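Working notes, beginning with the structure itself.
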Amino acid sequence: MNFAFILDPLAKLDAGHDSSVAIMEAAQQAGHQLWVTQVEQLSARDGQVWAQLQPVTVIPVTLGDGHWLAADPWYEVGTGGWQSLAAMDVVFMRKDPPVTINYIYATQLLDLLTPTKTLVINHPRSLQAANEKLYALNFPSVIPQTIVTQDKTTILEFVEAQGAAVLKPLDGKGGEGILFLEPGDRNLNSLLEISTHWGNEWVMVQQYLPAAKDGDKRIILLDGEPIGAVNRIPTGREFRGNMAVGGRVAAVPITDRDREICATVAPRLRADRLYFVGLDVIGGYLTEVNVTSPTGIREIDRLSQVSLGEQIVAWVAAKLKG
Ligand SMILES: Nc1ncnc2c1ncn2[C@@H]1O[C@H](COP(=O)(O)OP(=O)(O)O)[C@@H](O)[C@H]1O
Ligand SMILES: [Mg+2]
């Protein structure tokens with residue numbers, strides 16, 4: 001089968017860390033043809049979406065002393081050209097956030113594909129609709145106390161009532177712009193003004209969960225089913241657990257509570273055709289639903305001796321035959 005990946009430039013990817021590379025590797029090992037393109041290389045013509053697709057082969061990573069070792073370079077790109085994306089069996093839309101207007105346009109182009117012929121992961125219309133922070137609001141029974149507002153007074157009252165809170169820009173990833181808020185902070189007003197652009201942008205403000213110091217669990221869901229998890233533990237000099245800001249990864253089980261959260265979210269994910277998703281869970285609460293380009297596969301594979309890429313590729317193959 002033909003597996004296309006819409007990615008950031010290959011040279012910018014980290015083969016030992018990025019889930020996209022893990023999926024590419026697994027698809028190649030299963031005998032599928034890999035193609036890569038970028039958002040900027042999509043076009044529409046005759047009612048069809050085209051892309052400058054390059055064939056690519058990847059050199060699989062190997063396990064070194066507690067980390068993945070990648071060849072340099074880890075990929076070889078062949079001669080490509082314009083092709084209709086309809087010639088692909090599956091398209092993984094894995095461009096990293098932020099979700100810009102160009103990203104939204106790209107999803108609208110991808111929406112021209114016939115879903116029964118070319119499976120887009122995740123469904124382009126749901127990539128438009130599901131903001132990674134706001135989507136969690138659909139599941140009030142499993143999220144911490146949360147507000148979304150542009151209004152400073154509303155935030156100040158919330159922080160006062162909670163004692164401590166975490167502020168999140170709606171378009172952030174990897175811990176970007178995440179702030180710890182507490183009532184006595186002399187910078188509090190100014191932080192709120194800056195982060196809401198003086199009351200012109202929404203932010204999410206959430207009850208601070210002290211359990212965050214023990215880790216922010218990433219649970220990978222495939223078609224609503226949890227297939228693996230990894231914990232990300234803050235360094236101690238930093239309250240955020242994201243790997244992008246130095247969080248340490250550790251193996252972690254999927255608990256009954258995690259399964260309860262997954263079961264709460266799964267029907268909606270399936271309805272929205274959000275097939276491949278990363279939930280963030282802190283202290284038994286859902287804090288974020290990552291739908292654009294969830295990370296974690298490499299770490300889960302290494303720490304739990306599994307191959308989530310293999311499972312994903314097998315699921316895709318079964319769904320396409322299905
Ligand atoms: N409610 C919360 N309580 C405590 N810490 C939090 C809370 N929400 C997020 N964090 C911390 O901030 C980090 C980033 O939060 P998250 O909502 O996952 O945004 P993103 O990963 O997109 O930047 C988490 O890894 C965690 O350490
Ligand atoms: Mg997160």
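Residue numbers run from 1 in the order of the sequence given. Only a predicted model underlies this, so the values are computations on that prediction, with no experimental measurement involved. Whatever order the structure lists ligands and atoms in, that order sets their numbers, starting from 1.
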Mark yes when over 12 heavy atoms from residues, nucleotides or ligands other than [X] sit less than 6.0 Å from its [atom1]; otherwise mark no.
X    : atom1 : value
F180 : CZ    : yes
D256 : CG    : no
E76  : CD    : no
E160 : CD    : no

Establish, from distance only, whether the side-chain atoms of [X] and [Y] form a donor-acceptor pair under 3.5 Å.
X    : Y    : value
H17  : E299 : yes
T37  : Q52  : no
T107 : Q128 : yes

Pick from G247, G241, P234: the one approaching atom 27 (O) of ligand 1 most closely through a non-hydrogen atom
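Of the listed residues, G241 has the closest heavy atom.
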Who's closest to atom 20 (P) of ligand 1 heavy-atom-wise, of Q206, K168, E288?
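Nearest option to atom 20 (P) of ligand 1, by heavy atoms: E288.
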If you measure from each heavy atom of F239 to ligand 1, is any distance below 4.0 Å?
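Right, F239 reaches ligand 1.
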So is G175 in contact with ligand 1, going by heavy-atom distances below 4.0 Å?
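Judged by the 4.0 Å heavy-atom criterion, G175 does count as contacting ligand 1.
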Below 2.8 Å of the Mg ion (ligand 2), tally up the protein N/O/S atoms for me.
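Excluding waters, the total comes to 2.
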Any atoms of ligand 1 less than 4.0 Å from a non-hydrogen atom of [X]? List them with their elements.
X    : value
V166 : 2 (C), 3 (N), 4 (C), 5 (N), 6 (C), 7 (C)
K133 : 17 (O), 19 (O), 20 (P), 22 (O)
Q207 : 1 (N), 2 (C), 3 (N)
L209 : 1 (N), 2 (C), 3 (N), 4 (C)
A212 : 4 (C), 5 (N)
G172 : 22 (O)

Enter the distance from Q206:CD to K168:NZ here, rounded to the nearest 0.5 Å.
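The NZ atom of K168 is 3.5 Å from CD of Q206, to the nearest 0.5 Å.
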Just verifying a value: how many Å separate I297 CD1 and R218 CZ, rounded to the nearest 0.5 Å?
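Between I297 CD1 and R218 CZ, I get 10.5 Å after rounding to 0.5 Å.
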For atom 15 (O) of ligand 1, closest protein heavy-atom neighbour:
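Of every protein heavy atom, I178 CD1, 3.7 Å lies nearest to atom 15 (O) of ligand 1.
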Atom 25 (O) of ligand 1 [closest protein heavy-atom partner, distance rounded to 0.1 Å]:
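Of the protein heavy atoms, D216 OD2, 2.5 Å lies nearest.
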Q33: what forms a side-chain hydrogen bond (donor to acceptor under 3.5 Å, both in side chains) with it, not counting sequence neighbours?
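Residues passing side-chain hydrogen bond (donor to acceptor under 3.5 Å, both in side chains) with Q33: none at all.
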Between I282 and ligand 1, which part of the residue brings a heavy atom under 4.0 Å of the ligand: side chain, backbone, both or neither?
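The side chain, only.
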Using heavy atoms and a threshold below 4.0 Å, how should the contact between N242 and ligand 1 be classified: side chain, backbone, both, or neither?
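For N242, the contact with ligand 1 is made by both the backbone and the side chain.
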In terms of relative ring orientation, are F239 and Y208 parallel, tilted or perpendicular, with 30° and 60° separating the classes?
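Perpendicular, since the angle between the ring planes exceeds 60°.
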Of K133, R232, K173, which meets salt bridge (charged side-chain N to carboxylate O under 4.0 Å, His left out) against D280?
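Result for salt bridge (charged side-chain N to carboxylate O under 4.0 Å, His left out) with D280: R232.
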With a 6.0 Å cut-off on ring centres, are Y275 and W315 close enough?
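Ring centres of W315 and Y275 closer than 6.0 Å.
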